[in-house]
Amino acid sequence: MTQQQTPIVISGFGLWNPEYSISNEELVSAYNAYANNFNQHHAAEIEQGSVNAKPLSSAEFITKASGIKNRYVYRKEGALDPERMRPYIEPRENSELSHQAEMAVNAARKALSAAHCEAADIDAVIVACSYTQRAYPAIAIEVQHELGISGFGFDMLVACSSATFSLQRAYEMVKAGTATRVLVISPELTSPQNNWRDRDSHFIFGDVAVATVVESADSCRSDESYEILGSKAATLFSNNIRSNFGYLSYTDDSDPFGEDKFFIQNGRKVFKEVCPMAAEHITSQLKDLGIDNSEVKRWWLHQANINMNLLIAKKLLGREASAEEAPIVLDQYANTASAGSLIAFNLHREGLESGDLGVICSFGAGYSIGSLVIRKR
Ligand SMILES: CC(C)(COP(=O)(O)OP(=O)(O)OC[C@H]1O[C@@H](n2cnc3c(N)ncnc32)[C@H](O)[C@@H]1OP(=O)(O)O)[C@@H](O)C(=O)NCCC(=O)NCCS
């Protein structure tokens, strides 16, 4: 007789917002001032055709094309200065807590409290996001140290799917018995990778941190927990979303902060290719679990573009999804890389009852798609 495996659960979750935010109007006004200055300064070259004029941005376009109205930013200073066009994040001494570890700790404390856990109850920390501010020591080990957690920690980078892929690793670790309680944190500090001088992409990203506790149902003390019924990861190489920033720039003499080093994408292709992939990925995962798409009460989808979410939800349900079924947080948060689906999960669990099913799914750069099917306990 096969032994029944104890369920693995999400027992705590936390969301931390930076104190600053930037509306589309503020963003566009700064960008347009920069573009006008640039065009004035280069009027002669633009006239001769040797320099391209900077096109102006528009708040209405941004909202219509992406659903974004606002974004939180870790630091606002500098980002809206037409002479600078990038945030100023003050350097810290090695003896101080790093910026990203601070963001991570802020979200982690909330998740621990929701799980009714102390730091001592955790034995593994994964920091998973689209960039870490340094290669080593791992931000996860710094967080582990700051919170007083024993065991081990490591960082993992899977761009937009970092958070879901790391939840899958946590699930597998608890299942295999290599960890008892895992703290998974995504401190997405995306504003430094944004090309604030590029009209086509300057509006896309925002900063945030989310954290989740994964453990066995046996040890769970939380008032609200979700059994992980299954997880599925998929990757398919694509150059349509890319960031070339990296330490090799030093050796090839290129500008480490050149335009090609920022987030760059072919947004239209991403849209076309990723939407069907995500819908098929989720549908086949649910099918394998013996669940029909219509049985899922809540879809916490990746938050990159509202039109992508509407299309994917429609493919999944065969009809438009309501705002309650497939919540959108893009308007307030913008694209927060891997954190988006978990922000939606943190903010929109209202009305769910014991036994209700939900899907957390990320899709984006790589390409990468990560999904978890969960059931409220
Ligand atoms: C980026 C994105 C919002 C752009 O929307 P879009 O409708 O595809 O817009 P396009 O880039 O085709 O641009 C449409 C027009 O608006 C213009 N435009 C672009 N940015 C603009 C801005 N900020 N203000 C005003 N106009 C703008 C374009 O130049 C283009 O003009 P043209 O028709 O004269 O050439 C959209 O493609 C997208 O979100 N794609 C997926 C993104 C994604 O998931 N990324 C993953 C990152 S992790």
Side-chain angles (χ1 to χ4, degrees), residues 22-36 38 52-71 85 128-131 157-165 186 188-208 235-236 238-245 262-279 281 301-313 328-331 333-344 361-370:
I22 296 179
S23 68
N24 284 353
E25 288 71 22
E26 288 176 282
L27 186 78
V28 165
S29 149
Y31 169 84
N32 285 350
Y34 155 77
N36 284 327
F38 178 95
N52 289 331
K54 292 271 175 198
L56 296 186
S57 186
S58 117
E60 298 74 51
F61 170 88
I62 295 171
T63 306
K64 190 163 171 277
S66 67
I68 297 166
K69 296 181 181 160
N70 187 72
R71 70 280 299 136
M85 299 301 282
C129 41
S130 41
Y131 292 80
L157 307 183
V158 202
C160 296
S161 290
S162 302
T164 51
F165 275 41
S186 297
E188 288 288 9
L189 183 48
T190 66
S191 53
Q193 59 135 20
N194 220 16
N195 186 349
W196 296 75
R197 298 169 186 224
D198 172 39
R199 193 270 299 254
D200 291 1
S201 64
H202 74 127
F203 56 88
I204 292 182
F205 288 99
D207 301 328
V208 79
T235 49
L236 179 72
S238 167
N239 278 315
N240 288 329
I241 314 169
R242 198 167 170 113
S243 165
N244 287 327
F245 180 79
F262 293 107
F263 161 87
I264 37 181
Q265 76 163 344
N266 186 335
R268 285 275 163 115
K269 276 200 175 158
V270 172
F271 202 112
K272 261 201 192 129
E273 292 173 7
V274 169
C275 290
M277 273 173 71
H281 177 101
L301 299 178
H302 187 62
Q303 307 279 321
N305 177 296
I306 191 171
N307 300 314
M308 282 179 96
N309 288 38
L310 296 177
L311 181 60
I312 292 169
I328 298 289
V329 302
L330 274 161
D331 50 344
Y333 285 87
N335 181 342
T336 49
S338 77
S341 55
L342 285 156
I343 300 174
C361 183
S362 65
F363 35 84
Y367 295 136
S368 60
I369 305 185

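Computed from heavy atoms alone, side chains included, the values below leave out hydrogens, waters and symmetry copies. All ligand and atom numbering here is 1-based and tracks the order in the structure.
- Side chain of N24 to backbone of I68: a donor-acceptor contact under 3.5 angstrom is found.
- Between Y31 and H202, the ring-plane angle classifies as tilted under the 30° and 60° cut-offs.
- Within 4.0 Å of ligand 1, heavy atoms belong to protein residues S57, S58, F61, A65, C160, R199, D200, F203, I241, F263, Q265, G267, R268, V270, A304, N305, M308, N335.
- The neighbour count for N52 CG, taken as heavy atoms of other residues, nucleotides or ligands under 6.0 Å away, does not exceed 12.
- Proximity of a side-chain donor or acceptor of D207 to a complementary backbone N or O of S191 within less than 3.5 Å is detected.
- Considering only heavy atoms from C-beta on, Y333 comes within 4.5 Å of V208 through its side chain.
- Closest approach of S368 to S161, counting heavy atoms only: OG-OG, 2.9 Å.
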